[in-house]
Amino acid sequence: METVVSGIRSTGNLHLGNYFGAMGNFLKMQHEYNCFFFIADYHSLTTHPTPENLKSSVRQVLAEYLACGIDPDVSTIYVQSDLPETAELYLLLNMNAYVGELERCTSFKEKIRKQPDNINAGLLTYPTLMAADILLHKAVKVPVGKDQEQHLEMSRTFANRFNRLYNTQTFPEPYAFNFGQSLIKVPGLDGSGKMGKSEGEGNAVFLADSPANIRKKVMRAVSDSGPTSPNEEKPEAVKNLFALMELVSTSDTIKYFEDKYNECAIRYGDMKKQLAEDIILFTAPIYEKINAIAADDLLLNKVMNLGEEKARDSASKTIKEVRKTMGFRK
Ligand code: AMP
């Protein structure tokens, strides 16, 4: 059985981008792969959360993961920092990760642009921590969105470099995947490219958003004044609305609005109303479970403890092998 690892930072609630990029269809396949889902709380430290924030957001993300349908008895779901083996592998991989290649990373360059006051070493070495998460379980498939493609390439580089350096076959090559389709980028509602946690109010639809909130956000989504000639190329913001429809609406609905657009008869108000209802229909079964799970401390603690135990099994095996290969005494 192939091993799959998927992680989500504990910096905020899960949104549709996380769902379709990192989980999606994959949730239905838990029996066909050896699945690890983890909550990336080490990764969240680059934004300096308070201890209270860290603690509560880990529990919230866990509750949302479970509400999405991860079965803790089938898959392994754990908190990243519960496995200090992650931090050890991160340290070891960092010794063979070059500053030049880390600095060339698109996501790092973006962070420099967006948060010039907080360019910490954790941001620079984000790809090595991610590689540690993946290689720790010798995963070969990693469900991620398009934004993580380059990081996966770096994980392969680090895996191959380790194998070459020590003349071993310790790590397999991990690949980004999204079930036969190409990797996806779920757009935000603000006309910008990507749905994200840190992209500002109104950009993301969260799985924990109430129906009323979803309606409000979607109705405020950026569109434009409408096409003026038949079959016109769509502006970016309108393409985004259609891309969101592709994820949650039926093909008939999409065709209806495509035709309206091409005939210059589209009313974005109608389209957004439909989109909001389709998103609500999609998220309702998840949304309805989140609060009850989040309030169930007993369940959350049980799941975290079980996950830690299962994840440690494979992590400690890998770390032992790595230490031996590198020449450590123990
Ligand atoms: P993050 O929220 O940045 O921790 O990302 C966790 C996972 O969700 C990663 O696999 C990302 O690739 C994926 N993801 C986040 N935002 C999007 C998006 N807008 N579209 C597709 N995948 C996304």
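Both counts, for ligands and for their atoms, begin at 1 and track the order of listing. All values reported here derive from a predicted model rather than from experimental measurement.
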Proximal ligand 1 atoms for Ala22, defined as those under 4.0 Å from one of its heavy atoms
7 (C), 8 (O), 10 (O)

Least distance between heavy atoms, Ala311 atom then Phe36 atom:
CA-CE2, 4.1 Å

In residues 273-284, what donor-acceptor pairs under 3.5 Å come from side-chain atoms, sequence neighbours left out?
unit_1 : atom_1 : unit_2 : atom_2 : d
Gln274 : NE2    : Asp278 : OD1    : 3.2
Gln274 : NE2    : Asp278 : OD2    : 3.3
Glu277 : OE1    : Arg215 : NH2    : 3.3
Glu277 : OE2    : Arg215 : NE     : 2.7
Asp278 : OD2    : Ser249 : OG     : 2.7
Thr283 : OG1    : Ile279 : O      : 3.0

Residue portion contacting ligand 1 (non-hydrogen atoms closer than 4.0 Å) for His15:
side chain

For atom 8 (O) of ligand 1, what is the nearest protein heavy atom, given as residue, atom name and distance?
Asn18 ND2, 3.0 Å

Proximal ligand 1 atoms for Met195, defined as those under 4.0 Å from one of its heavy atoms:
16 (N), 17 (C), 18 (C), 19 (N)

re atom 20 (N) of ligand 1, the protein heavy-atom contact at minimum distance is Val186 N, 2.8 Å

Are any of the N/O atoms in Val144 less than 3.5 Å from those in ligand 1?
no

In the protein, what heavy atom is nearest to atom 21 (C) of ligand 1, and what distance, to one decimal place, separates them?
Ile184 O, 3.2 Å

Of all residues at least two apart in sequence or in a different chain, which pass the side-chain contact (heavy atoms from CB on, under 4.5 Å) check with Pro285?
none

Ligand 1 to Gln148 polar contact by distance, N or O atoms, under 3.5 Å:
no

For Phe38 and His137, I'd like to know if the aromatic rings sit close, meaning centre-to-centre distance below 6.0 Å.
no

Any N/O pair Gly145/ligand 1 closer than 3.5 Å
yes

Does any N or O of ligand 1 fall below 3.5 Å from an N or O anywhere on Asp147, backbone included?
yes

Given side chains that start at C-beta, do those of Glu85 and Glu88 come closer than 4.5 Å, heavy atoms only?
no

Any ion pair linking Glu149 and Lys146 (charged N to carboxylate O, less than 4.0 Å)?
yes

Any side-chain donor-acceptor pair under 3.5 Å between Gln30 and Ser75?
yes

Just checking, Lys234 and Tyr261: is the charged tip under 6.0 Å from the six-membered ring centre and within 45° of the axis?
yes

Using a 4.0 Å heavy-atom cut-off, which part of Lys197 comes near ligand 1: side chain, backbone, both, or neither?
side chain

Select the closest option to atom 22 (N) of ligand 1 among Gly17, Gly12, Gly7, judged by heavy-atom distance.
Gly17

Residue portion contacting ligand 1 (non-hydrogen atoms closer than 4.0 Å) for Arg9
both

